[in-house]
Engineer: 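Let me give you the structure first, and then I'll get to my questions.
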Amino acid sequence: MAQYARTKGSIALITLTNPPVNALSAAVRKGITEAVARAFKDTRVKAVVLCGENGKFCGGADIREFAKAMSGPPLVPMIHAIEAGEKPVVAAIEEMALGGGLELALGCHYRVAHAKARLGLPEVTLGLLPAAGGTQRLPRLTGIPAALDLITTGRHISAQEALKLGIVDRVTEGNAVEAAVELALSVVGRPLAPRRLSNHATPLPADLDGVFEEVLVQVKRRARGAMAPVACAKAVRAAAELPYSRGLECERELMNTLFTSGQARALQYCFFAQRAAGKWSLPNGARWDNSRPRAVHTAGVIGLGTMGRGIAVCLVKAGISVVAVETEEKQLDSGRRAVRGMLERDAKRRGVTAPLHMITFTLSMQQLRDVDLVIEAVFEDMALKKSVFAELSRVCRPNALLCTNTSGLDVDELASVTDRPPLVVGMHFFAPAHVMKLLEVICGPRSSPETVATAMTLGKRLGKVSVAVGNCPGFVGNRMLKLYLDQAHFLLEEGASPEQVDQALEEFGFALGIFKVADLSGLDIGWRVRKAAGLIGPDVDPKFPSRHRQGRRYCPLPDLLCEQGRLGQKSGRGWYLYDSAGGKEARPDPAISSFLQEYRLRYGISARRITEQEVVERCVFVLANEGFRILEDGMAAAPEDIDMVYVFGYGWPRHRGGPMFHAAQVGLATVLQRLEFYHRQNPDIPHLQPSTLLRRLVGARSPPMQQWKQHIRSINSQL
Ligand SMILES: CCCCCCCCCCCCC/C=C/C(=O)SCCNC(=O)CCNC(=O)[C@H](O)C(C)(C)COP(=O)(O)OP(=O)(O)OC[C@H]1O[C@@H](n2cnc3c(N)ncnc32)[C@H](O)[C@@H]1OP(=O)(O)O
């Protein structure tokens, strides 16, 4: 797990060998410990170079080991032995030095990086902190502000930025291992004490308290309720105030608290679930590793509204030539201006030239005749989409893929109007499409494996987390969202206020409460969907709209708001009040409070006190409950996929893993019991009734998530 070789007569070359990323498993730590001891003992060896096999230095501690009892030599003494050694040790950083990998490099006396290498301490994203001395050595090297930034955000930096910060001594465009050997030969005999970071005093900023206060405000805003960023800041503070050895103790104590926390487990679960989502499979045996995606060089985008613009920007940024189509000159012009503006701003930020030559704008569908794939992003209207797809069948070459960006319409119905149903697939982007990470890939019953593989691979190329889902109304994300929103509306009827519901959800960790999200997206979107679903129509009494429709409880509150022209941020008023149309700052509106009181009076509802617990349980457990139904219906392959949809598309707090993981963490029996309780109180809300799968899992004594699928009676996969 660590190879030992002697090169240039006096250099010991130690190579970490643990594909794919040379993670510091117990075997690797043992290998390094033994190889370093051998090099220090060998009198022919004057200096040591540490590198990684296959051109990758090290991806950090082996995350899979965190779930098991720790064994093998611990990292801290291993790194300490390297730093304390009497022979210079040089780290040759190729491709990556992350987490424990960078901490190992910081224990070396010198660091050489390849120009394309990325460095970082991403432990915080796993609910941990750099507990192999990283929180103590890095601030001593870079100073407090830079160390705080890197450790509390976990961001990866380039070799060039690392050089500027003093984290590496040299950056090379050539062979980093050879450059490290050269450096090692040149420093033989030089004093090592000044190179031992643990000996350094930490450079302190003038306003130490101010710096920490500001960072704490930032980390609390970025990830509400997350423990690790706060612990990271505390550990860095120890580096500012304590000698190295005491700082290390503080680092260990903070790590002990984090290591066994539910948050760390949730974040590590997300790390693997995100990677598992890319490993899709279909019931016909097609899988991510046996289906070849098509090459995509050119793509068409139809419709330059908010979604189409973002999708066009994503494609261009991924190096794909785009033909963007609109129906009218005015929309084309404003779309062109918006897309160019986005590309120019992005290029300016990255210090590169905007790739404006890669996109053409046209009013003619004929221009799509040579593209490899088209993404349709017109208005969410089945008739309109069908006419576009019929036209695409006539215009595009016979083997071009046709994709629809729909948030819930039947992909197979669209496929049926084309001459190529196997080449039709859904690609549900989330607004703003050039920012949001989630892509739901909707596999229609006739989508071919090659089509699914192409959409999934394209998503990855666009930097998205692609999740394969089945073709049902709302797919996975919006199908669940509808029920979550329903609960929030029912809670308003029963006595809560929008700000009370939002506060409870934000305390739980959501980036924004559901009513703020609704205002941001526009209340008219749901209004239109409800009209299309036949829930609103001429038979509804406008003065006294019914609270029961289609056989179940219905809340007319959002419809009443829309009728008043309160459409959310865009109209300056929605569930909240804004300074102006398009304003961002949400303020509670006394008019909403009176409106809710009048509404309850009119319907004879006596408002009751609703606790934070009830808000969170009803909103969050109903999500998981529907997730179980989705698994039973075969619309998602695994609970991990559902969780990734919520984490990357709906602002679910990552440190709570996802609705399915959260249900497992709370305990399935508790979730079942709470749903039964709420359903008894609200028998006219069928979605509070516990799903069959949840009941069966509790009956089977709540097996781990990996086994849930075995408890689905007949797997009826729609993927
Ligand atoms: C009371 C108890 C007290 C206990 C106290 C315990 C104290 C313990 C002390 C320990 C001190 C630890 C301090 C250090 C901690 C760490 O180092 S945590 C890890 C930090 N590193 C990371 O977060 C990096 C994670 N990896 C990545 O970001 C990416 O994988 C990558 C390295 C940038 C490569 O990306 P890419 O090329 O896109 O490939 P991927 O698909 O992401 O990965 C390929 C496969 O490799 C697996 N993998 C990656 N990194 C790791 C890892 N660190 N450990 C294990 N496995 C890893 C990844 O899962 C992929 O696997 P497959 O999906 O199976 O292919």
Side-chain angles (χ1 to χ4, degrees), residues 1 16 18-29 52-80 93-107 116-138 150-151 153-158 228 231-232 235 248-262 264-265 267-280 287-289 437 456-457 459-461 463-466 640 644 654:
M1 288 297 191
L16 279 56
N18 185 16
V21 300
N22 298 320
L24 295 163
S25 63
V28 173
R29 298 196 303 273
E53 199 182 44
N54 294 331
K56 293 177 184 174
F57 181 66
C58 178
D62 188 335
I63 305 168
R64 288 184 201 276
E65 284 186 356
F66 292 160
K68 306 175 196 152
M70 295 300 256
S71 63
L75 267 180
V76 171
M78 181 190 96
I79 295 175
H80 179 74
I93 300 172
E94 296 175 294
E95 192 155 329
M96 77 208 34
L98 298 173
L102 180 55
E103 294 182 275
L104 171 63
L106 290 172
K116 296 225 166 96
R118 316 281 304 164
L119 295 88
L121 292 172
E123 286 88 339
V124 69
T125 63
L126 299 166
L128 303 174
L129 52 75
T135 65
Q136 303 305 301
R137 286 195 178 91
L138 189 67
L150 293 185
I151 294 174
T153 63
R155 76 184 176 90
H156 297 185
I157 57 171
S158 65
C232 284
L248 208 57
E249 276 169 33
C250 176
E251 179 187 273
R252 190 179 336 115
E253 277 164 26
L254 288 163
M255 178 66 156
N256 285 351
T257 312
L258 294 179
F259 198 75
T260 49
S261 68
R265 272 198 294 277
L267 286 159
Q268 289 157 32
Y269 160 82
C270 284
F271 176 84
F272 291 113
Q274 180 180 344
R275 280 149 185 85
K279 298 179 179 170
W280 57 274
R287 292 160 42 97
W288 63 283
D289 54 357
K437 290 280 280 179
M456 291 293 286
T457 309
K460 190 165 183 197
R461 190 168 159 200
K464 307 289 178 203
V465 175
S466 311
E640 287 87 344
M644 292 306 96
R654 200 178 158 91

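Numbering of residues begins at 1 and proceeds along the displayed sequence. Just follow the structure's listing: the first ligand is 1, and inside any ligand the first atom is 1.
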Engineer: Answer yes or no: is there a donor N or O on one side and an acceptor on the other, between the side chain of Glu251 and the main chain of Gly133, under 3.5 Å?
Structural biologist: yes
Engineer: Taking all non-hydrogen atoms of both residues into account, name the closest pair between Glu65 and Leu24 and its distance.
Structural biologist: OE1-O, 4.3 Å
Engineer: Using a 3.5 Å distance criterion without hydrogens, assess whether the side chain of Gln268 forms a donor-acceptor pair with backbone atoms of Arg64.
Structural biologist: no
Engineer: Please could you name the atoms of ligand 1 that Pro20 approaches to less than 4.0 Å, counting only its heavy atoms?
Structural biologist: 45 (C), 46 (O)
Engineer: Hey, does Phe272 have a side-chain heavy atom less than 4.5 Å from the side chain of Ile63?
Structural biologist: yes
Engineer: Is Leu267 close to Val124 at the side-chain level, that is, under 4.5 Å between some pair of heavy atoms?
Structural biologist: no
Engineer: Ligand 1 and His156, any nitrogen or oxygen pair closer than 3.5 angstrom?
Structural biologist: no
Engineer: Would you say atom 46 (O) of ligand 1 touches the protein, meaning some protein heavy atom is under 4.0 Å from it?
Structural biologist: yes
Engineer: Output yes when the distance from some N or O of ligand 1 to some N or O of Ala23 is under 3.5 Å, and no in every other case.
Structural biologist: no
Engineer: Can you tell me the protein heavy atom closest to atom 21 (N) of ligand 1 and the distance?
Structural biologist: Gly59 O, 2.9 Å
Engineer: Nearest to atom 2 (C) of ligand 1, what protein heavy atom do you find, and at what distance?
Structural biologist: Phe259 CD2, 4.0 Å
Engineer: Nearest to atom 33 (C) of ligand 1, what protein heavy atom do you find, and at what distance?
Structural biologist: Leu98 CD1, 3.8 Å
Engineer: Could you tell me, atom by atom, which parts of ligand 1 come under 4.0 Å of a heavy atom of Lys279?
Structural biologist: 62 (P), 63 (O), 64 (O), 65 (O)
Engineer: Would you say the side-chain atoms of Asn22 pair up with the backbone N or O of Glu53, donor to acceptor, closer than 3.5 Å?
Structural biologist: yes
Engineer: So if I count the atoms of ligand 1 from 1 in the order they appear, which ones are less than 4.0 Å from some heavy atom of Ala131?
Structural biologist: 13 (C)
Engineer: For ligand 1, indicate whether the residue Arg118 contacts it via side chain, backbone, both or neither (heavy-atom separation under 4.0 Å).
Structural biologist: neither
Engineer: Within the 4.0 Å heavy-atom shell around Gly60, which atoms of ligand 1 are there?
Structural biologist: 17 (O)
Engineer: Take every heavy atom of Leu128, measure it against each atom of ligand 1, and state whether any distance is under 4.0 Å.
Structural biologist: no
Engineer: Looking at atom 50 (N) of ligand 1, what's its closest protein heavy atom, distance included?
Structural biologist: Val21 CG2, 3.5 Å
Engineer: Could you state the interatomic distance from OG (Ser466) to CZ (Arg461), rounded to the nearest 0.5 Å?
Structural biologist: 12.5 Å
Engineer: Counting heavy atoms only, which of Pro130, Gly100, Ala69 is nearest atom 17 (O) of ligand 1?
Structural biologist: Gly100
Engineer: Which heavy atom of Asp62 sits nearest to which heavy atom of Ala23, and what is that distance?
Structural biologist: CA-CB, 3.8 Å
Engineer: Is the closest side-chain heavy-atom distance between Cys58 and Met96 below 4.5 Å?
Structural biologist: no
Engineer: Looking only at protein heavy atoms, which one is nearest to atom 25 (C) of ligand 1, and how far off is it?
Structural biologist: Phe271 CE1, 3.5 Å
Engineer: Is the shortest N/O to N/O distance between Ile63 and ligand 1 below 3.5 Å?
Structural biologist: yes
Engineer: In terms of residue, atom name and distance, what is the protein heavy atom nearest to atom 43 (O) of ligand 1?
Structural biologist: Arg275 NE, 4.1 Å
Engineer: Within the side chain of Arg29, is there an N or O that forms a donor-acceptor pair under 3.5 Å with the backbone of Ser71?
Structural biologist: yes
Engineer: Look at ligand 1 and say whether Glu65 reaches it with a heavy atom at a distance under 4.0 Å.
Structural biologist: no
Engineer: Kindly check if the number of other-residue, nucleotide or ligand heavy atoms within 6.0 Å of NE2 (His80) is above 12?
Structural biologist: no
Engineer: Heavy-atom distances under 4.0 Å decide this one: backbone, side chain, both or neither, for Val76 against ligand 1?
Structural biologist: neither
Engineer: Verify the contact flag for atom 63 (O) of ligand 1, where contact means a protein heavy atom under 4.0 Å away.
Structural biologist: yes
Engineer: My understanding is that we take every heavy atom of each candidate and find the minimum distance to atom 15 (C) of ligand 1. Doing that for Lys460, Met96, Glu123, which one comes out nearest?
Structural biologist: Glu123
Engineer: Any atoms of ligand 1 less than 4.0 Å from a non-hydrogen atom of Phe272? List them with their elements.
Structural biologist: 59 (O)
Engineer: Is ligand 1 under 4.0 Å from a heavy atom in the side chain of Asp62, in the backbone, in both, or in neither?
Structural biologist: both
Engineer: Just to confirm my output: which protein heavy-atom neighbour is closest to atom 61 (O) of ligand 1, and how far is it?
Structural biologist: Arg64 NH2, 3.9 Å
Engineer: Around Arg252, counting heavy atoms of other residues, nucleotides and ligands shown, do more than 12 lie under 6.0 Å from its CZ?
Structural biologist: no
Engineer: Less than 4.0 Å between atom 35 (O) of ligand 1 and some protein heavy atom, yes or no?
Structural biologist: no
Engineer: With heavy atoms of Pro122 as the reference, note each atom of ligand 1 found under 4.0 Å away.
Structural biologist: 21 (N), 22 (C), 23 (O)
Engineer: Once you restrict to heavy atoms under 4.0 Å, what part of Ala61 touches ligand 1? Side chain, backbone, both or neither.
Structural biologist: both
Engineer: Starting from atom 3 (C) of ligand 1, locate the nearest protein heavy atom and write down its residue, its atom name and how far away it is, to 0.1 Å.
Structural biologist: Asn256 OD1, 3.3 Å
Engineer: Are the side chain of Thr135 and the backbone N or O of Ala131 linked by a donor-acceptor pair below 3.5 Å?
Structural biologist: no
Engineer: Considering distance alone, does some N or O of Met255 sit under 3.5 Å from an N or O of ligand 1?
Structural biologist: no
Engineer: Which heavy atom of Glu640 sits nearest a heavy atom of Tyr269, and at what distance?
Structural biologist: CA-OH, 3.3 Å
Engineer: If I take atom CD from residue Glu95 and atom CZ from residue Arg118, how far apart are they, to the nearest 0.5 angstrom?
Structural biologist: 11.0 Å
Engineer: Decide yes or no for Arg654 and Thr125: does some side-chain heavy atom of the first lie under 4.5 Å from some side-chain heavy atom of the second?
Structural biologist: no
Engineer: Is Leu150 close to Arg155 at the side-chain level, that is, under 4.5 Å between some pair of heavy atoms?
Structural biologist: yes
Engineer: Near Glu103, which atoms of ligand 1 are under 4.0 Å from a heavy atom of that residue?
Structural biologist: 13 (C), 14 (C)
Engineer: If you count the atoms of ligand 1 from 1 in the order shown, which ones are under 4.0 Å from a heavy atom of Gly99?
Structural biologist: 17 (O), 20 (C)
